[in-house]
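Remember, it's a predicted structure, so these values are computed and weren't measured experimentally.
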Amino acid sequence: MSALALLKSRPLPFATLMGVEFVAADKDEVVAVLTVRPDLCTAGSIVHGGALMAFADTVGAAATFINLPEGAKGTTTIESKTNFLAAGPVGQVLTATATPVHRGARTQVWQTRITREDGKPVALVTQTQMVL
């Protein structure tokens, strides 16, 4: 089964609620999209920072999941740092692309870039995932 098919076969309830859709996945990169809806926004009709963090966390955790070493039981986020760079207005389709920084036996570190349709960066997230 491909990595993308594996991710699509294991629905994540909160990601589904948010509207996260995985569009590409392999061991070196996971890509997902999210349409900014009014219920994901803060004042001014721009995406809430927490929604951006949850989007990136979902994509980074998925990337870790498909890279788990043999015998691992799962993964959990133990640290996440977000740089907010630009607004994501309502109606925009945001793309999150996670790439590995470190893939170890006990932890993995992933960097997720979130961009707007025009390519402008909205957020840069670095997260550490514990291998369980």
Side-chain angles (χ1 to χ4, degrees):
M1 179 182 293
S2 74
L4 182 58
L6 179 63
L7 292 176
K8 287 187 175 207
S9 73
R10 298 177 62 103
L12 302 168
F14 186 66
T16 300
L17 177 69
M18 285 185 56
V20 174
E21 179 187 350
F22 291 100
V23 295
D26 62 36
K27 288 190 173 274
D28 296 318
E29 182 179 84
V30 173
V31 181
V33 294
L34 173 70
T35 300
V36 179
R37 304 183 317 256
D39 59 326
L40 296 175
C41 289
T42 186
S45 296
I46 60 169
V47 69
H48 190 282
L52 290 172
M53 294 172 75
F55 183 28
D57 185 67
T58 296
V59 178
T64 302
F65 176 74
I66 63 175
N67 279 276
L68 286 174
E70 187 75 29
K73 298 190 184 319
T75 182
T76 190
T77 305
I78 59 172
E79 189 272 339
S80 185
K81 185 230 186 279
T82 304
N83 288 99
F84 299 105
L85 305 169
V90 70
Q92 277 283 310
V93 176
L94 304 180
T95 301
T97 305
T99 55
V101 175
H102 165 76
R103 288 181 277 200
R106 294 188 182 107
T107 61
Q108 293 189 27
V109 179
W110 290 83
Q111 188 171 69
T112 303
R113 299 177 63 82
I114 300 175
T115 56
R116 297 191 315 207
E117 293 170 30
D118 63 4
K120 187 167 186 169
V122 174
L124 180 65
V125 180
T126 304
Q127 72 187 77
T128 305
Q129 294 286 131
M130 179 186 293
V131 175
L132 303 174

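Between Pro121 and Leu85 the shortest heavy-atom distance is O-CB, 3.6 Å. Summarising the geometry of Ala123 relative to Thr82, their closest heavy-atom pair is CB-CG2, 4.3 Å, with the distance given to 0.1 Å. Nearest heavy-atom pair, Val20 versus Ala32, reported as atom, atom and distance to 0.1 Å: CG1-CB, 3.9 Å. Contact record, Leu4 with Ala24: CD1-N, 3.8 Å, taken as the closest heavy-atom pair. Minimum heavy-atom separation, Glu117 to Gly91: OE2-O, 3.8 Å. Among all heavy-atom pairs drawn from Ala63 and Ala98, the shortest one is CB-CB, 4.4 Å.
Taking the side chain as every heavy atom from C-beta outward, Phe84 and Met53 approach each other to under 4.5 Å. Taking 4.5 Å as the limit, some side-chain heavy atom of Val47 sits within range of a side-chain heavy atom of Leu94. Side-chain contact between Thr35 and Val93 is present, with at least one heavy-atom pair separated by less than 4.5 Å. Counting only heavy atoms from C-beta outward, the side chains of Val36 and Cys41 approach each other to under 4.5 Å. Residues Ser9 and Leu6 form a side-chain contact, since some pair of their non-hydrogen atoms from C-beta on lies under 4.5 Å apart. At least one side-chain heavy atom of Asp57 sits under 4.5 Å from a side-chain heavy atom of Gln129. Within the 4.5 Å cutoff, side-chain heavy atoms of Thr95 are placed close to those of Val33. Annotation: side chain of Arg113 is in contact with side chain of Leu124 (closest heavy-atom distance under 4.5 Å).
Hydrophobic clustering, with ILVMFWY side chains joined whenever heavy atoms are under 4.5 angstrom apart, groups Met18 together with Leu52. Taken together through direct or relayed side-chain contacts under 4.5 Å among Ile, Leu, Val, Met, Phe, Trp and Tyr, Leu68 and Leu7 form part of one hydrophobic cluster. Residues Phe22 and Ile66 fall within the same hydrophobic cluster, defined by Ile, Leu, Val, Met, Phe, Trp and Tyr side chains chained together at heavy-atom separations under 4.5 Å. In the hydrophobic cluster analysis, where Ile, Leu, Val, Met, Phe, Trp and Tyr join through side-chain heavy atoms closer than 4.5 angstrom, Leu34 is grouped together with Ile114. Both Phe14 and Val59 belong to a single network of hydrophobic side chains, linked directly or stepwise wherever heavy atoms of I, L, V, M, F, W or Y lie under 4.5 Å apart.
Taken to the nearest 0.5 Å, the OG1 atom of Thr99 stands 7.0 Å off from the CD atom of Glu29. A distance of 7.0 Å separates CG in Asp28 from CG in Asn67, rounded to the nearest 0.5 Å. Atom OG1 in Thr77 sits 11.5 Å away from atom CD in Gln108 (nearest 0.5 Å).
Around CE of Met130, the count of heavy atoms belonging to other residues, nucleotides or ligands within 6.0 Å does not exceed 12. Within 6.0 Å of atom NZ in Lys8, more than 12 heavy atoms from other residues, nucleotides or ligands are found, so the atom counts as buried in its surroundings. In the displayed structure, Arg103 atom CZ is contacted under 6.0 Å by more than 12 heavy atoms of other residues, nucleotides or ligands.
A salt bridge between Asp118 and Arg116 is present, with a side-chain N of the basic residue lying under 4.0 Å from a carboxylate O of the acidic one.
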